[in-house]
Student: 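Quick one: the structure is below, questions incoming.
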Amino acid sequence: MLKLLTTALGFLVNWYFAQKLSTDDFGLFALFQLLILFIVAISKCGLDQAAVRFIASQQQADIARFLPRVYAVFFTCISITVVTTGLFCHFYSLLSISGISTFQFWTLLHIASFATAIINLNACIFKGLSKPSLFTTFSGFASLCILLFGATIMHLSTLTLVLYLVTGALCITAITSLFIVIKLRPPSTTTPQPRYSFWISAKAFWISGLVYLVVQQGSQLYLSTQVSLSQLGVYAIVTKLAMLPSIFLFALNSVTAAKFAKSYSQHRLDEVKQLFSLSQSTSIFVAAITVLLFYFYSEYLLGIFGEDYKQGELWLLVLIAGQVINLITGPAITLLTMSGQEKTYQNISIFTAAITVILAMHLITNHGPLGAAITTAIAMSTQNLLGYYFARYKILRNH
């Protein structure tokens, strides 16, 4: 329910800003969000995802003594990434921005990225502690509530004010999540000991996370160099609509991830197989509903944001095809990552990224947003089908 509310709030916020901002400004706002994703993916170093499995499968004393080390490494990585990115962009003057000064844009971008990275780590800690409601709350719900409340009382009409509000909402959410983590963390009674398996997992998750970002968002970033900000804004709305079916998988994975890790670590393999089978059956049902919904109502859904956004109907249908494959394969990727098969997931991700780059260079250059949609759909389908095969072969069938 929280994830459904989060999605509804997300669409309400995007609809509001689409009405208040010009199409070009909304495109730049979409680019701001996209750049945050890339900076955060680089700076997290896989520590957030590694924390889920570690926390779910370890004793409280192990968690308590190890979290300070994770935070120390995490903050160091974020700081280095933010400073390096800022210097690089300043030196090469990478983006020509209208409506807001370049200094303001990059400063707000880095502050927002820092806050988002902290929120992601803390949300994953909640996930590992089997607190899916807190995980979902800090995976968008809290920051969107603050953002919508601020937008309502401030009557925003300029891109600069919107970016300031977004950054402020993320900072408030990050600080709140830190206080909750401190409250939930059990007392530490022993000296921290190195957990090399944790760092190995983090490395695999980091590489896979970067590749996943290339697969999911790389096409959109490359598209931003090929089309106008107006078309980029339309495509951003299309991708948000296409992500609607993933609400179910997001909610499902927030519950099953810790269960997979715990059951597998305790060698209760029958529980793993039963949970996976039940999850996949439900996902297939949701996939069928998704096909019917978007086949008949895609134009209407896009028209909610304005007439200009209806041009993305075909792009939306292509992306939905990839999402249907994602649903049919169920929580296969989650099962791989929570059962010690991070290296397999890493290899699948690298292979998929190579396909994405090759397709993007040809299809986006020649077909623009439609090429980006085809690239993303093919890459997404490839990754999930391979993940499903190896989950079946290495974990379920093997045992």
Student: Is it possible for you to say whether Leu147 and Leu9 belong to one hydrophobic cluster, with membership spreading through side-chain heavy-atom contacts below 4.5 Å?
Tutor: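 In one cluster: yes.
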Student: Minimum heavy-atom separation for Ala332 to Tyr388, with atom names?
Tutor: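 The answer is CB-CA, 3.6 Å.
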Student: First locate atom CD1 of Ile180, then atom CD1 of Ile175, and finally report the distance between them rounded to the nearest 0.5 Å.
Tutor: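 Reported value, rounded in 0.5 Å steps: 12.5 Å.
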Student: Counting distance only, does the side-chain N/O of Thr376 pair as donor-acceptor with the main-chain N or O of Ala373 below 3.5 Å?
Tutor: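 Such a contact is absent between Thr376 side chain and Ala373 backbone.
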Student: Decide whether Leu314 and Leu359 are clustered together by the hydrophobic rule: side chain heavy atoms of Ile, Leu, Val, Met, Phe, Trp, Tyr closer than 4.5 Å, transitively.
Tutor: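 Linked, Leu314 and Leu359 end up in one cluster.
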Student: Set out, in order, the CA-CA distance, both residues' side-chain angles and the distance that settles side chain to side chain contact (heavy atoms under 4.5 Å, CB included) for Leu336 and Ile348, then state yes or no.
Tutor: CA-CA 11 Å; Leu336 275 178; Ile348 292 172; 4.1 Å; yes
Student: Starting at CD1 of Ile146, measure out to OG1 of Thr173 and round the result to the nearest 0.5 Å.
Tutor: 3.5 Å
Student: Does any part of the side chain of Asn14, heavy atoms only, come nearer than 4.5 Å to the side chain of Phe29, both counted from C-beta?
Tutor: yes
Student: Kindly say whether Gln104 contributes a backbone atom to a donor-acceptor pair with the side chain of Thr107 at under 3.5 angstrom?
Tutor: no
Student: Between His367 and Ile374, does a side chain to side chain contact (heavy atoms under 4.5 Å, CB included) hold up when you go through it step by step?
Tutor: CA-CA 10 Å; His367 302 287; Ile374 294 171; over 6 Å; no
Student: For Thr329 and Asn326, indicate whether the former's side chain and the latter's backbone hold a donor-acceptor pair under 3.5 Å.
Tutor: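 Judged by distance alone, yes, a pair lies under 3.5 Å.
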Student: Go through His110 and Ile39 one step at a time and tell me if the side chain to side chain contact (heavy atoms under 4.5 Å, CB included) criterion holds.
Tutor: CA-CA 8 Å; His110 287 135; Ile39 292 175; 3.9 Å; yes
Student: Find out whether Thr344 and Tyr393 are in side-chain contact, i.e. whether some heavy atom of one side chain is under 4.5 Å from a heavy atom of the other.
Tutor: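 A side-chain contact under 4.5 Å is absent here.
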Student: For the ring pair Phe26 and Phe17, is the centre-to-centre distance below 6.0 Å?
Tutor: no
Student: What's the spacing between Trp315 CH2 and Gln231 CD if we round to 0.5 Å?
Tutor: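 That separation rounds to 5.0 Å.
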Student: Start with the C-alpha gap between Phe32 and Val162, add the side-chain angles, then the distance that decides, and say whether side chain to side chain contact (heavy atoms under 4.5 Å, CB included) holds.
Tutor: CA-CA 11 Å; Phe32 182 82; Val162 169; over 6 Å; no
Student: Are Leu31 and Leu161 linked, directly or through intermediate hydrophobic residues, by side-chain heavy-atom contacts shorter than 4.5 Å (ILVMFWY only)?
Tutor: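 Cluster IDs for Leu161 and Leu31 match.
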Student: Looking only at non-hydrogen atoms, find the nearest pair between Ile36 and Ala112 and report the distance.
Tutor: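 Smallest heavy-atom distance, with atoms named: CD1-CB, 3.6 Å.
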Student: Return the CD to CG distance between Gln33 and Leu28, rounded to the nearest 0.5 Å.
Tutor: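 CG of Leu28 is found 10.5 Å from CD of Gln33.
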Student: Give me the atom names and distance for the closest heavy-atom approach of Leu316 to Ser298.
Tutor: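 Taking every non-hydrogen atom into account, CD2-CB, 3.7 Å.
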Student: May I ask you to test the Phe351-Thr382 pair for a side-chain heavy-atom distance under 4.5 Å?
Tutor: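 Yes; the side chains approach each other to less than 4.5 Å.
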Student: Do Leu302 and Glu313 come close enough that some side-chain heavy atom pair is under 4.5 Å?
Tutor: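 When only atoms from C-beta onward are counted, Glu313 and Leu302 do touch, with a gap below 4.5 Å.
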Student: Distance check, rounded to the nearest 0.5 Å: Leu35 atom CG versus Ser113 atom OG?
Tutor: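 It comes to 8.0 Å.
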Student: Given side chains that start at C-beta, do those of Tyr345 and Ser349 come closer than 4.5 Å, heavy atoms only?
Tutor: yes
Student: Between Ile111 and Cys171, is any pair of side-chain heavy atoms under 4.5 Å apart?
Tutor: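 Yes. Closest side-chain heavy atoms under 4.5 Å.
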Student: Just by distance, do the side chain of Ser277 and the backbone of Gln274 share a donor-acceptor pair under 3.5 Å?
Tutor: no
Student: Short question: side chain of Tyr309, backbone of Ile237 - any donor-acceptor pair under 3.5 Å?
Tutor: no
Student: So which atom in Gly387 and which in Ile333 form the shortest heavy-atom distance, rounded to 0.1 Å?
Tutor: CA-CD1, 3.8 Å
Student: So which atom in Ile328 and which in Gln280 form the shortest heavy-atom distance, rounded to 0.1 Å?
Tutor: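 The pair with the smallest heavy-atom distance is O-NE2, 3.1 Å.
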Student: Search all heavy atoms of Ala391 against all heavy atoms of Leu335 and return the closest pair with its distance.
Tutor: CB-CD2, 4.2 Å
Student: With a 4.5 Å limit on heavy-atom distance, are the side chains of Phe294 and Gln323 in contact?
Tutor: no
Student: Please tell me if the side chains of Tyr235 and Leu319 come closer than 4.5 Å, counting only heavy atoms from C-beta onward.
Tutor: yes
Student: Nearest 0.5 Å, what's the CG-OG1 distance between Leu148 and Thr152?
Tutor: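 Going from the CG atom of Leu148 to the OG1 atom of Thr152 covers 4.5 Å.
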